[in-house]
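Worksheet: one structure, shown below.
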Amino acid sequence: RHNIKGAFIAKSFAEVEPASYTHNWHIDLLSEYLRAVQSKDLKRVIFNVPPGYTKSVSINIAFSAWCLGKNPKERIISTSHTHDLSLKLSNKVKRIIQAPWYNKIFPGTQLITDVENRQDFFRTTQDGFRMASAVGKGITGEGGDLIIIDDPIDAKDAAAASGKALQDCNDWYDGVLYSRLRDKREGRIVLIMQRLHENDLTSHLLKQKFSNFEHCVIPAMEEEPGGKTYSYGKFTRFREEGELL
C-alpha cells in the first residue's frame, strides 16, 4: 500500500544510517501527519521532537523521497541551520532515490543526470526537484510546493539563546523562506526542531495570527499528569505519565 509507514522509514534509515533501526510508536504517529501533508490535507505542521529519535530521517530525508516518489513533479525546498548539514541531508535523499529498491516502488521517479544535478539541487525527469539551503541564506530560482525546515538553530551553538540569533532566524523565515512558496494557499510547510527558547521559530509561527499550524509535541518523557493520549489520523496511543520515549 502506498502509505508512508514505518516500513518505508525503516528501509530509508537502513540505506543512509550506519546504526540499526529500532521502531517505536512515535514513528507511526509522525507517519500519519506526513501522510496528511503529502496528500495536502494538512498544510502547516510543527514537530517538536528531542534529538536522537529519528526525526530528520523520518520527516526530512524519508519524507522527501516519499513525496518525490508519489509525485515526481513535487518541488521541495529543505533548509537547516548550516549549509554543510543541508548538503548531507540532500545527499541522503538522493541515495535513497537512486537505490534499486526505491526504483521498484516508484519506477516513474528518475533523476536527471546532468550538470544541474548538484549536491544542493537535483531534478526529476518530470521537472520536480529538491533544493537544499541554509537558514540565513538567500534562496533564488523556482519556488517550492513543500518547504521543510529541519533544526533551524543549532542546539550546540551558544548563541542560539541570544535574542539576535533567534530574531535573525524568525526574520529570515518571514522575509525570505515563506516567499518561496509557489502557492501560499496550497503550499505546505513542515518545521522539525527541538525547543530551544520561548522565542524560537516554533513560538514565532504559533503566534502568527493566520498561521494555522498543527503542533505535534513528543517529549522524551511524558510529563502530562495522569498520562496523555496521542492521536492523529488512524493512530491513537495512550502514554503513561513518566514513560520514556
Side-chain angles (χ1 to χ4, degrees), residues 4 12 30 33-47 55-94 96-97 106 108-112 114 116-153 169-193 201-202 204-205 208 210-214:
I4 181 165
S12 298
L30 297 179
Y33 280 99
L34 296 175
R35 178 207 59 77
V37 174
Q38 191 278 321
S39 65
K40 300 183 180 179
D41 293 328
L42 180 60
K43 307 293 176 56
R44 304 283 190 275
V45 59
I46 296 170
F47 295 103
K55 67 181 189 298
S56 289
V57 173
S58 302
I59 306 170
N60 192 346
I61 297 170
F63 185 53
S64 291
W66 179 265
C67 287
L68 287 170
K70 294 283 285 183
N71 178 16
K73 297 181 180 180
E74 188 85 88
R75 298 182 173 195
I76 303 171
I77 297 174
S78 176
T79 68
S80 191
H81 55 267
T82 66
H83 185 64
D84 287 345
L85 179 58
S86 294
L87 291 184
K88 181 179 179 181
L89 297 172
S90 178
N91 286 329
K92 289 183 178 182
V93 177
K94 187 187 296 185
I96 292 170
I97 293 175
F106 301 117
T109 300
Q110 301 291 332
L111 300 184
I112 294 176
D114 62 10
E116 189 179 32
N117 191 353
R118 310 183 306 264
Q119 284 193 75
D120 62 344
F121 184 94
F122 53 83
R123 190 185 296 273
T124 71
T125 55
Q126 297 194 42
D127 210 30
F129 65 74
R130 187 181 186 280
M131 177 190 301
S133 185
V135 172
K137 303 296 183 181
I139 301 176
T140 59
E142 300 161 275
D145 306 311
L146 168 63
I147 290 176
I148 301 174
I149 311 162
D150 189 348
D151 279 335
I153 294 181
C169 177
N170 297 342
D171 290 345
W172 175 80
Y173 171 88
D174 292 338
V176 176
L177 188 60
Y178 181 73
S179 68
R180 302 315 302 163
L181 274 183
R182 288 204 299 168
D183 187 328
K184 301 300 185 292
R185 292 183 178 179
E186 296 300 316
R188 292 148 290 155
I189 300 174
V190 175
L191 169 62
I192 322 154
M193 67 179 296
L201 187 57
T202 289
H204 179 67
L205 296 183
Q208 291 181 342
F210 300 108
S211 65
N212 296 320
F213 272 88
E214 186 82 21

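Values below: every heavy atom of this structure, side chains too, minus hydrogens, waters and symmetry copies. Because the structure is a prediction, the values reported are computed rather than measured.
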Determine, for K55 against D151, whether the closest basic-nitrogen to carboxylate-oxygen distance falls under 4.0 angstrom. yes
Distance in Å, [X] [atom1] paired with [Y] [atom2], rounded so as to fall on 0.5 Å steps:
| X | Y | atom1 | atom2 | result |
| --- | --- | --- | --- | --- |
| E186 | L146 | CD | CG | 13.0 Å |
| R35 | F63 | CZ | CZ | 10.5 Å |
| T125 | Q110 | OG1 | CD | 6.5 Å |
| I112 | F122 | CD1 | CZ | 12.0 Å |
| N71 | F106 | CG | CZ | 11.0 Å |
| I153 | T82 | CD1 | OG1 | 13.0 Å |

Which atom of [X] lies closest to which atom of [Y], heavy atoms considered:
| X | Y | value |
| --- | --- | --- |
| L85 | S80 | CD2-OG, 3.0 Å |
| V176 | R180 | O-CG, 3.5 Å |
| E74 | R188 | OE2-NH2, 2.6 Å |
| M193 | P152 | CB-CD, 3.9 Å |
| S133 | S86 | O-OG, 2.5 Å |
| Q38 | C67 | CG-SG, 3.8 Å |

Taking C-beta and beyond as the side chain, do [X] and [Y] meet within less than 4.5 Å on heavy atoms?
| X | Y | value |
| --- | --- | --- |
| I189 | F213 | yes |
| T79 | K137 | no |
| T109 | P72 | yes |

Qualifying residue for side-chain contact (heavy atoms from CB on, under 4.5 Å) with I192, from I46, I149, D150: D150
If you apply the rule side chain to side chain contact (heavy atoms under 4.5 Å, CB included), what do you find for D145 with K73, and how did you get there? CA-CA 10 Å; D145 306 311; K73 297 181 180 180; over 6 Å; no
With sequence neighbours excluded, tell me which residues meet side chain to side chain donor-acceptor pair (under 3.5 Å) with D84. none
For side chain to side chain contact (heavy atoms under 4.5 Å, CB included), just list the numbers for L34 and W66, CA-CA rounded to whole Å, side-chain angles, deciding distance to a tenth of an Å, and then say yes or no. CA-CA 10 Å; L34 296 175; W66 179 265; over 6 Å; no
Can you name the residues that form a side-chain contact (heavy atoms from CB on, under 4.5 Å) with S64, not counting sequence neighbours? N60, I76, V93, R130, I148
Run the side-chain contact (heavy atoms from CB on, under 4.5 Å) test against D127 and tell me which residues pass, sequence neighbours left out. R75, R123
Go through L181 and I147 one step at a time and tell me if the side chain to side chain contact (heavy atoms under 4.5 Å, CB included) criterion holds. CA-CA 7 Å; L181 274 183; I147 290 176; 3.9 Å; yes
Are H83 and D120 close enough, and set up right, to give a side chain to side chain donor-acceptor pair (under 3.5 Å), and what steps lead you there? CA-CA 9 Å; H83 185 64; D120 62 344; 5.2 Å; no
Trace of the side chain to side chain contact (heavy atoms under 4.5 Å, CB included) decision for Y173 with L191: CA-CA 11 Å; Y173 171 88; L191 169 62; over 6 Å; no
